[in-house]
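For reference, the structure is listed below as structure tokens.
As the structure is a prediction and not an experimental result, all values here were calculated from the model.
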Amino acid sequence: MKKVDQMDKFTEYVMHEAGLEKPSKSFVSNIMSKVQEQPKFVAKPAELISATIWWIIGFAFTALCIYLVLNWQDRILSKYSNVFDDYIISMDVVYNGFQGIQFSNTFIWSFLLFGVLLFVQAGIIKNYSNKKLSN
């Protein structure tokens, strides 16, 4: 606590000694005149991924999430359970590690809805920023 008080006193001393500098009365008008004289340059970024591709990616991601949520125990683990038998970590160990974890339906559907809304919001924000850049 004593060190904090010393730091506060030192800060007050430095602020008192330094004082406040005030700009001239024409400071704002000088800056604004320089800003207005600059030529207007608007750079429009090139679109790397088209809107159609974004929709396809979003649809594929959502479909994959729904598929995994509905079928992950039956199809995936039964199909590939023998793949890791020769390795240190087998699929049984991984499966048993996650066996006690349970997600409620509310969490699963909210997770999927969040993914869908994320893609929708990304499209809305992208359109908004493109309109701002074009003006």
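- Scanning for side chain to side chain contact (heavy atoms under 4.5 Å, CB included) contacts around Tyr13 gives Glu17, with sequence neighbours left out.
- Cluster annotation: Trp54 is not connected to Phe59 through the hydrophobic network of ILVMFWY side chains, with a link wherever side-chain heavy atoms come within less than 4.5 Å.
- Note: Asn30 CG to Phe27 CZ = 8.5 Å, rounded to the nearest 0.5 Å.
- Scanning for side chain to side chain contact (heavy atoms under 4.5 Å, CB included) contacts around Leu48 gives an empty result, with sequence neighbours left out.
- Cluster partners of Trp55, using a side-chain heavy-atom cutoff of under 4.5 Å among ILVMFWY residues and allowing indirect links: none.
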Taking distance alone, no hydrogens or angles, what donor-acceptor pairs closer than 3.5 Å link side-chain atoms of residues 112-124 to residues at least two apart or in another chain?
none

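- Cluster membership check: Ile125 does not share its hydrophobic cluster with Tyr128, using side-chain heavy-atom separations under 4.5 Å among Ile, Leu, Val, Met, Phe, Trp and Tyr.
- The side chain to side chain contact (heavy atoms under 4.5 Å, CB included) test applied to Thr52 returns Ser50, Ile56, not counting sequence neighbours.
- The salt bridge (charged side-chain N to carboxylate O under 4.0 Å, His left out) analysis of residues 45-59, with sequence neighbours excluded, yields the pairs Glu47-Lys126.
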